[in-house]
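Scroll down for the structure; my scribbles are underneath it.
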Amino acid sequence: MMKTVKLALTEDELEILADALENDLEGYVESAKDARANRAREDVQTFEEAAARIRSVLEKVRAEIPA
């Protein structure tokens, strides 16, 4: 089981974290597309799994950002 960690962040820090995650997500999505084009199935799976985990974290961060 993974250890849960609590962080205290300002709204600005949450925005910074969300932006960084979005950029990272874009990179993995593009890498998955490239791997798919090159028929590298294992790489596609790896990049898609990473993108899914990043999306999950990004959703948690966005949920904490006031509208």
Side-chain angles (χ1 to χ4, degrees):
M1 182 174 162
M2 295 186 116
K3 179 181 173 184
T4 300
V5 177
K6 292 189 178 214
L7 295 173
L9 301 171
T10 66
E11 290 176 14
D12 286 343
E13 291 169 332
L14 285 172
E15 292 283 351
I16 291 167
L17 183 55
D19 287 344
L21 288 168
E22 287 170 357
N23 287 330
D24 203 28
L25 177 59
E26 288 175 18
Y28 279 103
V29 169
E30 285 302 314
S31 293
K33 287 180 186 177
D34 291 343
R36 192 172 294 108
N38 293 325
R39 298 183 181 176
R41 291 182 185 174
E42 288 182 19
D43 290 343
V44 171
Q45 182 178 357
T46 298
F47 294 136
E48 286 181 345
E49 287 173 0
R53 292 184 73 191
I54 292 168
R55 276 188 197 98
S56 175
V57 173
L58 182 55
E59 288 173 10
K60 289 179 184 180
V61 170
R62 284 182 178 155
E64 296 300 320
I65 298 173

field: side-chain hydrogen bond (donor to acceptor under 3.5 Å, both in side chains): pairs with one or both residues in residues 54-63, sequence neighbours excluded
entry: E22-R62

- request: Tell me, please, which residues at least two apart from I65 pass side chain to side chain contact (heavy atoms under 4.5 Å, CB included).
  value: L14, E15, A18, V61

query: For R36, which residues count as a salt bridge (charged side-chain N to carboxylate O under 4.0 Å, His left out) partner, sequence neighbours excluded?
result: E48

field: ILVMFWY cluster, V5 and L58 together (side-chain gap under 4.5 Å)
entry: yes

- request: Please report the shortest heavy-atom distance between L21 and I54, naming the atom on each side.
  value: O-CG2, 3.5 Å

- prompt: In the single-linkage hydrophobic clustering (I, L, V, M, F, W, Y; side-chain heavy atoms under 4.5 Å), do V57 and Y28 co-cluster?
  reply: yes

- request: Check D43 against A35 and note the closest heavy-atom contact, atom names and distance.
  value: CB-CB, 3.7 Å

task: Enter the distance from L17:CG to D12:CG here, rounded to the nearest 0.5 Å.
output: 12.5 Å

